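Encoded as structure tokens, the structure appears first; notes follow it.
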Amino acid sequence: VGRDQPDVAPTAAWAEAYGHDAVRDAVHWFLRQFNVKLYDVMRAFKAARLMCPVTVQTLGVTPASVQQLRAFPFLDKDDTIDNLAGELPLYLAAADGTTINGENIRDAADQKVRWWRGHEGQLPFWSAAVKKVLLVQPSSAAAERVFSLLNASFGHQQDHAHSS
């Protein structure tokens, strides 16, 4: 760069500030979507982890943790939660040392269903709750909408920024 030519190369600090400004609104929008609109879905997925005899061993589950299952409207009843909390020590004892060694996701899921069938008599309240939770259809539609909107909002601008 000659003495009489201005230095137009951006500094690293300027580039970082520009990048933050460029994505700030998108990040805030995404966080609002995730923390508000997807809040109930995330609560349900988190609560569903209690239904896995392998995962439940690492969660440090207590009777108070069972309250998370209220995320499912069909489990949001005091007597249901009380019965699950009462049966929790038996569930934790039965699950202790349980491993699932599936070749793939479907095989692992089948093994978990067989585990629950085998413990249905010992854990009637948990087994009934698991059957209901397994009927819930997980959907990625909300997440797909978020990414679709982000792509629609920033796809062209991002392509244009790369070509400059």
Side-chain angles (χ1 to χ4, degrees), residues 16-17 19-155 158:
E16 184 177 349
H20 283 280
D21 288 344
V23 298
R24 182 182 49 241
D25 290 341
V27 169
H28 288 296
W29 179 85
F30 180 77
L31 289 174
R32 261 192 324 275
Q33 298 299 311
F34 191 77
N35 293 328
V36 176
K37 291 188 178 181
L38 298 177
Y39 177 77
D40 290 335
V41 173
M42 293 305 296
R43 269 185 356 128
F45 278 112
K46 184 177 178 182
R49 297 180 311 161
L50 298 176
M51 303 297 183
C52 175
V54 176
T55 303
V56 76
Q57 298 173 58
T58 63
L59 294 177
V61 179
T62 66
S65 306
V66 176
Q67 296 293 327
Q68 295 175 23
L69 294 171
R70 290 185 184 275
F72 296 99
F74 50 83
L75 297 177
D76 189 12
K77 296 174 184 65
D78 290 340
D79 62 331
T80 301
I81 296 299
D82 290 345
N83 289 334
L84 292 170
E87 207 172 78
L88 181 63
L90 294 173
Y91 173 30
L92 295 175
D96 187 37
T98 299
T99 58
I100 302 292
N101 298 314
E103 294 284 325
N104 54 50
I105 292 172
R106 185 180 190 111
D107 187 37
D110 288 345
Q111 287 182 43
K112 290 173 188 177
V113 169
R114 283 194 299 277
W115 188 92
W116 277 109
R117 273 195 202 122
H119 291 84
E120 194 169 12
Q122 181 186 7
L123 304 166
F125 296 113
W126 278 93
S127 294
V130 167
K131 288 176 186 177
K132 292 175 183 176
V133 169
L134 287 175
L135 292 174
V136 175
Q137 178 65 42
S139 172
S140 62
E144 289 174 15
R145 277 194 301 274
V146 168
F147 286 107
S148 176
L149 286 168
L150 284 173
N151 187 43
S153 299
F154 297 99
Q158 189 175 18

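Any value given below was found using the heavy atoms of this structure, including those in side chains, with hydrogens, waters and symmetry copies removed. None of these values were measured; they are calculated from a predicted model.
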Query raised in the report: What side chain to side chain donor-acceptor pair (under 3.5 Å) pairs are there with at least one residue in residues 39-56, not counting sequence neighbours?
Result: none
**Report entry** Residues, nucleotides or ligands: over 12 heavy atoms within 6.0 Å of R114 CZ
**Finding:** yes
Query raised in the report: CG/D25 to NE2/H28 distance, rounded to the nearest 0.5 angstrom?
Result: 7.0 Å
Query - Atom pair NE2 (H119) and CG (L90), whose distance is rounded to the nearest 0.5 Å - result: 10.5 Å
Query raised in the report: Within a strict 4.5 Å, meaning less than it, do heavy atoms of the V133 and F74 side chains meet?
Result: yes
Requested in this report: Check whether any side-chain heavy atom of D76 lies under 4.5 Å from a side-chain heavy atom of L69, and answer yes or no.
Outcome: no
Query raised in the report: Taking side chain as C-beta onward, heavy atoms only, is Y91 less than 4.5 Å from L50?
Result: no
**Report entry** Any donor-acceptor N/O pair, Q57 side chain to T98 backbone, under 3.5 Å
**Finding:** yes
Query raised in the report: What closest approach, in Å, do K77 and P73 show between heavy atoms, and which atom pair accounts for it?
Result: NZ-O, 3.9 Å
Query raised in the report: Donor-acceptor pair, W126 side chain versus L84 backbone, under 3.5 Å?
Result: yes
Query raised in the report: For L31, does the CG atom sit with more than 12 other heavy atoms under 6.0 Å from it, leaving out its own atoms?
Result: yes
Report task. State, to 0.1 Å, how close A47 and A71 come at their nearest heavy-atom pair, and which atoms those are. Result -> CB-CB, 4.4 Å
Query - Flag, side chain of S127 to backbone of P124, donor-acceptor distance under 3.5 Å - result: no
Query raised in the report: Does anything in residues 119-132 pair up under salt bridge (charged side-chain N to carboxylate O under 4.0 Å, His left out), and if so which pairs, sequence neighbours excluded?
Result: E120-K131
**Report entry** Which residues share a salt bridge (Lys or Arg N to Asp or Glu O under 4.0 Å) with D79, sequence neighbours left out
**Finding:** none
Query raised in the report: Which heavy-atom pair separates V113 from L134 by the least distance, and what is that distance?
Result: CG2-CD1, 4.2 Å
Query raised in the report: With a 4.5 Å heavy-atom cut-off, do Q111 and D107 have their side chains touching?
Result: yes
Query raised in the report: Can you tell me if Q122 uses its side chain to pair, donor with acceptor, with the backbone of A94 under 3.5 Å?
Result: no
Requested in this report: Over all heavy atoms of both residues, which pair between G86 and P89 is shortest? Give the atoms and the distance, please.
Outcome: O-CD, 3.4 Å
Report task. Heavy atoms only: give me the nearest F72-A44 pair and the separation to one decimal. Result -> CZ-O, 3.4 Å
Requested in this report: Find the distance between CD (Q68) and CG (L59) and round it off to the nearest 0.5 Å.
Outcome: 8.0 Å
Query raised in the report: Nearest 0.5 Å, what's the CG-CG distance between L88 and N83?
Result: 12.5 Å
Query raised in the report: Looking just at side-chain N and O atoms, do R70 and Q67 make a donor-acceptor pair shorter than 3.5 Å?
Result: yes
Requested in this report: Examine distances only and state if a side-chain atom of W115 and a backbone atom of D110 form a donor-acceptor pair shorter than 3.5 Å.
Outcome: no
